[in-house]
Amino acid sequence: MKKLFEKDIVRFTFVLTVVSLACGLVIGGVNAITAPIIAQNQLTAKLEAYESVLPGIQDFTELDTAGDPESIQDKIEGKDADDAVLGYIFVASGNNKYGSMTMVVSVDATGLILGATFSAIEQTYQVDSTRNNLALFIGTNIMDLSPMGDIETGATGSFHTLEDLLADIKASFETLDIPEPELPEDPYEVMFDESLGFAYSEEDTTFSPSSELIVSKSIAYDGDDNVIGSVYKLVGSGIYNDGSPTPGELALYVALSEEGTILGYMMPKDEYHHTLQTNHYLKNEAFLDSIIGDPISALDGNTDVISGATNTYNVIISLLNALAVEVTA
(Lines give C-alpha, C1' and ligand atoms only; values in the text may rest on other atoms or scores of the structure.)
Protein backbone atom coordinates (compact mmCIF):
# COMPACT_ATOMS: atom_id res chain seq x y z
CA MET A 1 0.00 0.00 0.00
CA LYS A 2 2.87 2.39 0.84
CA LYS A 3 4.44 1.76 -2.54
CA LEU A 4 1.11 2.39 -4.17
CA PHE A 5 0.98 5.91 -2.69
CA GLU A 6 4.51 6.55 -3.86
CA LYS A 7 3.14 6.69 -7.41
CA ASP A 8 2.42 10.29 -8.41
CA ILE A 9 -0.84 9.62 -10.16
CA VAL A 10 -2.28 7.75 -7.21
CA ARG A 11 -1.11 10.40 -4.75
CA PHE A 12 -2.55 13.23 -6.86
CA THR A 13 -5.83 11.38 -7.31
CA PHE A 14 -6.11 10.84 -3.58
CA VAL A 15 -5.40 14.52 -2.83
CA LEU A 16 -7.92 15.69 -5.42
CA THR A 17 -10.52 13.33 -4.00
CA VAL A 18 -10.00 14.63 -0.48
CA VAL A 19 -10.11 18.25 -1.68
CA SER A 20 -13.29 17.55 -3.68
CA LEU A 21 -14.96 15.96 -0.69
CA ALA A 22 -13.96 18.88 1.51
CA CYS A 23 -15.24 21.41 -1.05
CA GLY A 24 -18.45 19.46 -1.39
CA LEU A 25 -19.02 19.56 2.35
CA VAL A 26 -18.29 23.29 2.47
CA ILE A 27 -20.57 24.04 -0.49
CA GLY A 28 -23.29 21.83 0.97
CA GLY A 29 -23.01 23.62 4.29
CA VAL A 30 -23.12 27.05 2.68
CA ASN A 31 -26.10 26.01 0.55
CA ALA A 32 -27.92 24.75 3.62
CA ILE A 33 -27.51 28.21 5.17
CA THR A 34 -28.18 30.35 2.09
CA ALA A 35 -30.97 28.33 0.42
CA PRO A 36 -33.66 29.34 2.96
CA ILE A 37 -32.54 32.97 2.71
CA ILE A 38 -32.72 32.92 -1.08
CA ALA A 39 -36.14 31.27 -0.95
CA GLN A 40 -37.39 33.91 1.50
CA ASN A 41 -36.05 36.71 -0.68
CA GLN A 42 -37.81 35.24 -3.71
CA LEU A 43 -41.05 34.97 -1.71
CA THR A 44 -40.72 38.59 -0.57
CA ALA A 45 -40.11 39.77 -4.14
CA LYS A 46 -43.20 37.91 -5.34
CA LEU A 47 -45.34 39.34 -2.54
CA GLU A 48 -44.18 42.86 -3.39
CA ALA A 49 -45.12 42.34 -7.03
CA TYR A 50 -48.48 40.87 -6.13
CA GLU A 51 -49.18 43.61 -3.57
CA SER A 52 -48.89 46.21 -6.33
CA VAL A 53 -52.17 44.90 -7.73
CA LEU A 54 -53.68 43.32 -4.60
CA PRO A 55 -53.00 45.47 -1.50
CA GLY A 56 -53.22 43.62 1.80
CA ILE A 57 -51.95 40.30 0.46
CA GLN A 58 -49.91 38.46 3.09
CA ASP A 59 -49.73 34.98 1.62
CA PHE A 60 -50.53 33.22 -1.62
CA THR A 61 -51.09 29.84 -3.16
CA GLU A 62 -49.90 29.03 -6.68
CA LEU A 63 -52.74 27.48 -8.69
CA ASP A 64 -52.47 24.96 -11.51
CA THR A 65 -52.36 26.55 -14.98
CA ALA A 66 -52.89 23.28 -16.85
CA GLY A 67 -55.52 23.84 -19.49
CA ASP A 68 -55.09 27.63 -19.39
CA PRO A 69 -54.03 29.62 -22.47
CA GLU A 70 -50.28 29.50 -23.12
CA SER A 71 -49.92 33.18 -22.23
CA ILE A 72 -50.82 32.51 -18.57
CA GLN A 73 -47.51 32.26 -16.72
CA ASP A 74 -48.82 32.26 -13.15
CA LYS A 75 -52.19 32.04 -11.43
CA ILE A 76 -52.28 32.97 -7.76
CA GLU A 77 -54.82 32.88 -4.95
CA GLY A 78 -54.00 35.81 -2.65
CA LYS A 79 -54.88 35.80 1.05
CA ASP A 80 -54.82 38.38 3.83
CA ALA A 81 -53.35 38.05 7.33
CA ASP A 82 -56.47 36.15 8.47
CA ASP A 83 -56.09 33.61 5.65
CA ALA A 84 -59.16 34.99 3.88
CA VAL A 85 -59.07 35.08 0.08
CA LEU A 86 -58.60 38.64 -1.19
CA GLY A 87 -58.62 37.79 -4.88
CA TYR A 88 -56.81 36.09 -7.70
CA ILE A 89 -53.70 37.28 -9.55
CA PHE A 90 -52.87 36.39 -13.13
CA VAL A 91 -49.52 36.91 -14.85
CA ALA A 92 -49.83 36.84 -18.65
CA SER A 93 -47.17 37.37 -21.32
CA GLY A 94 -47.48 38.02 -25.04
CA ASN A 95 -45.50 39.09 -28.10
CA ASN A 96 -46.18 41.10 -31.22
CA LYS A 97 -44.08 42.67 -33.96
CA TYR A 98 -43.32 45.60 -31.63
CA GLY A 99 -41.87 43.44 -28.84
CA SER A 100 -43.21 41.76 -25.72
CA MET A 101 -45.32 42.58 -22.67
CA THR A 102 -46.12 40.91 -19.36
CA MET A 103 -49.10 42.10 -17.32
CA VAL A 104 -50.14 41.36 -13.76
CA VAL A 105 -53.88 41.56 -13.10
CA SER A 106 -55.85 40.95 -9.90
CA VAL A 107 -59.52 39.94 -9.90
CA ASP A 108 -61.90 39.41 -7.00
CA ALA A 109 -64.32 36.49 -6.69
CA THR A 110 -67.02 38.36 -8.61
CA GLY A 111 -64.72 39.08 -11.56
CA LEU A 112 -64.07 42.72 -10.67
CA ILE A 113 -60.61 43.81 -11.83
CA LEU A 114 -58.95 45.22 -8.71
CA GLY A 115 -55.56 46.14 -10.15
CA ALA A 116 -53.57 45.86 -13.35
CA THR A 117 -50.04 46.79 -14.31
CA PHE A 118 -47.20 45.76 -16.60
CA SER A 119 -44.33 43.99 -14.87
CA ALA A 120 -42.45 44.26 -18.17
CA ILE A 121 -43.28 46.02 -21.41
CA GLU A 122 -40.96 46.26 -24.39
CA GLN A 123 -42.94 47.91 -27.15
CA THR A 124 -41.37 50.22 -29.69
CA TYR A 125 -44.23 52.68 -29.83
CA GLN A 126 -46.25 54.73 -27.30
CA VAL A 127 -45.63 52.62 -24.20
CA ASP A 128 -47.25 55.23 -21.91
CA SER A 129 -50.48 55.06 -23.93
CA THR A 130 -50.51 51.27 -23.57
CA ARG A 131 -50.04 51.59 -19.80
CA ASN A 132 -52.91 54.09 -19.64
CA ASN A 133 -55.13 51.84 -21.72
CA LEU A 134 -54.57 48.93 -19.34
CA ALA A 135 -55.49 51.14 -16.36
CA LEU A 136 -58.88 51.82 -17.97
CA PHE A 137 -59.90 48.22 -17.24
CA ILE A 138 -59.40 48.60 -13.47
CA GLY A 139 -62.83 48.70 -11.84
CA THR A 140 -64.50 46.83 -14.71
CA ASN A 141 -65.44 43.15 -14.83
CA ILE A 142 -63.14 40.60 -16.41
CA MET A 143 -66.19 38.92 -17.94
CA ASP A 144 -67.11 42.11 -19.80
CA LEU A 145 -63.71 43.54 -20.79
CA SER A 146 -65.06 46.98 -21.60
CA PRO A 147 -62.66 49.82 -20.69
CA MET A 148 -63.89 52.57 -18.38
CA GLY A 149 -63.11 55.55 -20.58
CA ASP A 150 -61.74 56.31 -24.02
CA ILE A 151 -58.81 54.27 -25.31
CA GLU A 152 -55.74 56.29 -26.27
CA THR A 153 -55.12 55.76 -29.96
CA GLY A 154 -51.79 55.45 -31.74
CA ALA A 155 -50.65 52.09 -30.40
CA THR A 156 -53.16 49.77 -32.05
CA GLY A 157 -50.90 46.73 -32.26
CA SER A 158 -50.01 46.95 -28.57
CA PHE A 159 -53.67 47.41 -27.62
CA HIS A 160 -54.69 44.30 -29.56
CA THR A 161 -52.08 42.29 -27.65
CA LEU A 162 -53.34 43.83 -24.41
CA GLU A 163 -56.89 42.76 -25.30
CA ASP A 164 -55.73 39.24 -26.19
CA LEU A 165 -53.97 38.84 -22.84
CA LEU A 166 -57.01 40.08 -20.93
CA ALA A 167 -59.16 37.62 -22.87
CA ASP A 168 -56.76 34.83 -21.85
CA ILE A 169 -57.00 35.95 -18.22
CA LYS A 170 -60.78 35.84 -18.54
CA ALA A 171 -60.55 32.26 -19.84
CA SER A 172 -58.26 31.32 -16.95
CA PHE A 173 -60.55 33.01 -14.42
CA GLU A 174 -63.48 30.98 -15.71
CA THR A 175 -61.67 27.76 -14.77
CA LEU A 176 -61.50 28.73 -11.10
CA ASP A 177 -63.73 26.82 -8.72
CA ILE A 178 -64.88 29.77 -6.63
CA PRO A 179 -67.47 28.88 -3.97
CA GLU A 180 -70.62 30.97 -3.89
CA PRO A 181 -70.42 33.47 -1.01
CA GLU A 182 -72.79 32.98 1.88
CA LEU A 183 -74.83 36.16 1.82
CA PRO A 184 -77.14 37.26 4.62
CA GLU A 185 -80.85 37.25 3.82
CA ASP A 186 -80.80 41.02 4.20
CA PRO A 187 -77.59 42.71 2.97
CA TYR A 188 -78.00 45.40 5.61
CA GLU A 189 -77.19 42.80 8.28
CA VAL A 190 -73.46 43.31 7.73
CA MET A 191 -73.67 46.88 9.08
CA PHE A 192 -75.10 46.01 12.49
CA ASP A 193 -73.21 44.51 15.42
CA GLU A 194 -74.42 41.04 16.40
CA SER A 195 -75.34 42.34 19.86
CA LEU A 196 -78.10 44.44 18.28
CA GLY A 197 -79.81 41.31 16.97
CA PHE A 198 -80.59 42.56 13.48
CA ALA A 199 -83.44 40.53 11.95
CA TYR A 200 -84.82 42.44 8.97
CA SER A 201 -85.31 45.85 7.41
CA GLU A 202 -88.16 47.65 5.69
CA GLU A 203 -88.05 50.72 3.45
CA ASP A 204 -89.53 53.86 4.96
CA THR A 205 -91.96 54.82 2.22
CA THR A 206 -92.87 58.05 4.02
CA PHE A 207 -89.30 59.34 3.97
CA SER A 208 -88.74 62.58 2.08
CA PRO A 209 -85.03 63.47 2.00
CA SER A 210 -83.81 67.04 2.30
CA SER A 211 -80.99 66.45 -0.20
CA GLU A 212 -80.83 64.86 -3.64
CA LEU A 213 -77.76 62.98 -2.41
CA ILE A 214 -79.98 60.89 -0.11
CA VAL A 215 -81.86 58.28 -2.12
CA SER A 216 -83.75 56.22 0.45
CA LYS A 217 -84.14 55.23 4.09
CA SER A 218 -84.87 51.82 5.59
CA ILE A 219 -85.76 50.93 9.18
CA ALA A 220 -83.86 48.06 10.84
CA TYR A 221 -85.55 45.78 13.39
CA ASP A 222 -84.47 43.04 15.79
CA GLY A 223 -86.21 39.71 16.26
CA ASP A 224 -88.77 41.26 18.60
CA ASP A 225 -89.69 43.93 16.03
CA ASN A 226 -87.90 46.65 17.98
CA VAL A 227 -86.27 49.42 15.94
CA ILE A 228 -82.48 49.23 16.25
CA GLY A 229 -81.52 51.84 13.66
CA SER A 230 -81.87 53.11 10.13
CA VAL A 231 -80.01 52.60 6.87
CA TYR A 232 -79.63 55.43 4.38
CA LYS A 233 -78.61 55.00 0.76
CA LEU A 234 -76.49 57.92 -0.46
CA VAL A 235 -75.37 58.48 -4.04
CA GLY A 236 -72.95 61.15 -5.23
CA SER A 237 -70.67 61.87 -8.15
CA GLY A 238 -67.64 63.95 -8.99
CA ILE A 239 -64.51 64.12 -11.10
CA TYR A 240 -62.20 61.29 -10.07
CA ASN A 241 -59.24 61.94 -12.33
CA ASP A 242 -57.85 65.44 -12.76
CA GLY A 243 -58.47 66.60 -16.29
CA SER A 244 -61.14 63.99 -17.02
CA PRO A 245 -64.40 65.61 -18.13
CA THR A 246 -66.55 62.65 -17.06
CA PRO A 247 -67.60 62.42 -13.39
CA GLY A 248 -67.86 59.07 -11.65
CA GLU A 249 -70.61 57.94 -9.29
CA LEU A 250 -70.61 55.91 -6.11
CA ALA A 251 -73.22 54.62 -3.68
CA LEU A 252 -72.71 54.59 0.08
CA TYR A 253 -75.02 52.90 2.60
CA VAL A 254 -74.78 54.16 6.18
CA ALA A 255 -76.40 52.58 9.23
CA LEU A 256 -77.27 54.89 12.14
CA SER A 257 -78.60 54.17 15.60
CA GLU A 258 -81.69 55.95 16.84
CA GLU A 259 -79.33 58.41 18.56
CA GLY A 260 -77.44 59.14 15.34
CA THR A 261 -74.34 57.02 16.00
CA ILE A 262 -72.67 55.54 12.92
CA LEU A 263 -73.08 51.77 13.26
CA GLY A 264 -71.65 50.63 9.94
CA TYR A 265 -71.51 51.17 6.21
CA MET A 266 -71.41 49.46 2.84
CA MET A 267 -69.70 50.79 -0.30
CA PRO A 268 -70.52 48.03 -2.83
CA LYS A 269 -67.97 47.65 -5.59
CA ASP A 270 -70.69 47.04 -8.17
CA GLU A 271 -72.00 50.52 -7.37
CA TYR A 272 -68.56 52.10 -7.11
CA HIS A 273 -67.58 53.92 -10.29
CA HIS A 274 -65.17 56.52 -9.01
CA THR A 275 -61.42 56.49 -8.31
CA LEU A 276 -60.33 53.27 -9.94
CA GLN A 277 -57.13 52.40 -8.09
CA THR A 278 -57.64 49.70 -5.48
CA ASN A 279 -55.41 51.43 -2.92
CA HIS A 280 -57.61 54.55 -3.08
CA TYR A 281 -60.71 52.44 -2.48
CA LEU A 282 -59.04 50.82 0.53
CA LYS A 283 -57.92 54.20 1.85
CA ASN A 284 -61.49 55.46 1.86
CA GLU A 285 -62.70 52.21 3.40
CA ALA A 286 -60.17 52.77 6.20
CA PHE A 287 -61.56 56.27 6.75
CA LEU A 288 -65.13 54.94 6.95
CA ASP A 289 -63.97 52.24 9.38
CA SER A 290 -62.44 54.96 11.56
CA ILE A 291 -65.72 56.85 12.05
CA ILE A 292 -67.85 53.86 13.09
CA GLY A 293 -69.05 54.64 16.60
CA ASP A 294 -68.92 58.42 16.06
CA PRO A 295 -72.03 60.59 16.02
CA ILE A 296 -72.99 61.61 12.50
CA SER A 297 -73.51 65.15 13.81
CA ALA A 298 -69.75 65.45 14.34
CA LEU A 299 -69.38 65.55 10.55
CA ASP A 300 -71.96 68.27 9.95
CA GLY A 301 -70.33 70.80 7.63
CA ASN A 302 -66.87 69.28 8.19
CA THR A 303 -65.00 68.66 4.92
CA ASP A 304 -61.55 68.39 6.48
CA VAL A 305 -61.74 65.37 8.77
CA ILE A 306 -58.47 63.92 7.52
CA SER A 307 -55.66 65.40 5.49
CA GLY A 308 -54.62 64.37 2.03
CA ALA A 309 -58.20 63.99 0.83
CA THR A 310 -58.66 62.43 -2.58
CA ASN A 311 -61.41 63.27 -5.04
CA THR A 312 -63.33 60.18 -3.95
CA TYR A 313 -62.91 61.13 -0.31
CA ASN A 314 -64.47 64.52 -1.05
CA VAL A 315 -67.52 62.81 -2.57
CA ILE A 316 -67.84 60.58 0.51
CA ILE A 317 -67.59 63.60 2.80
CA SER A 318 -70.30 65.43 0.84
CA LEU A 319 -72.58 62.42 1.26
CA LEU A 320 -71.91 62.17 4.99
CA ASN A 321 -72.44 65.89 5.44
CA ALA A 322 -75.81 65.67 3.66
CA LEU A 323 -76.80 62.84 5.97
CA ALA A 324 -75.63 64.77 9.03
CA VAL A 325 -77.81 67.73 8.05
CA GLU A 326 -80.75 65.36 7.41
CA VAL A 327 -80.71 63.67 10.82
CA THR A 328 -79.82 66.72 12.91
CA ALA A 329 -82.31 69.15 11.31
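Atom CD of E122 has 12 or fewer heavy atoms from other residues, nucleotides or ligands within 6.0 Å. The environment of E258 atom CD is dense: over 12 non-hydrogen atoms of other residues, nucleotides or ligands sit within 6.0 angstrom.
In this structure, F192 and F198 have parallel ring planes: the angle between them is below the 30° cut-off, well short of the 60° mark. Between Y313 and F287, the ring planes are perpendicular. Angles over 60° get that label, and only those under 30° would be called parallel. Note on ring orientation: taking the six-membered ring where Trp is involved, the planes of Y188 and Y253 are tilted (angle from 30° to 60°).
Checked by atom type and distance alone, the side chain of Q73 never pairs as donor or acceptor with a backbone atom of A92 at under 3.5 Å.
Proximity of V235 to L250: side-chain heavy atoms (C-beta onward) are nowhere separated by under 4.5 Å. With contacts defined as side-chain heavy-atom distances shorter than 4.5 Å, the pair D168/F90 does not qualify. Residues T130 and L162 form a side-chain contact, since some pair of their non-hydrogen atoms from C-beta on lies under 4.5 Å apart.
Among all heavy-atom pairs drawn from N96 and G157, the shortest one is ND2-O, 3.7 Å.
Checked options T117, I121, L166; the residue passing with M103 is L166 (criterion: side-chain contact (heavy atoms from CB on, under 4.5 Å)).
A salt bridge links E271 to K233: at least one charged side-chain nitrogen sits closer than 4.0 Å to a carboxylate oxygen.
Checked against the 6.0 Å centroid threshold, Y125 and Y98 do not count as a close aromatic pair.
Within the structure, side chain to side chain donor-acceptor pair (under 3.5 Å) pairs that include any residue of residues 146-156 comprise S129-E152, N132-E152, D144-S146 (at least two apart or interchain).
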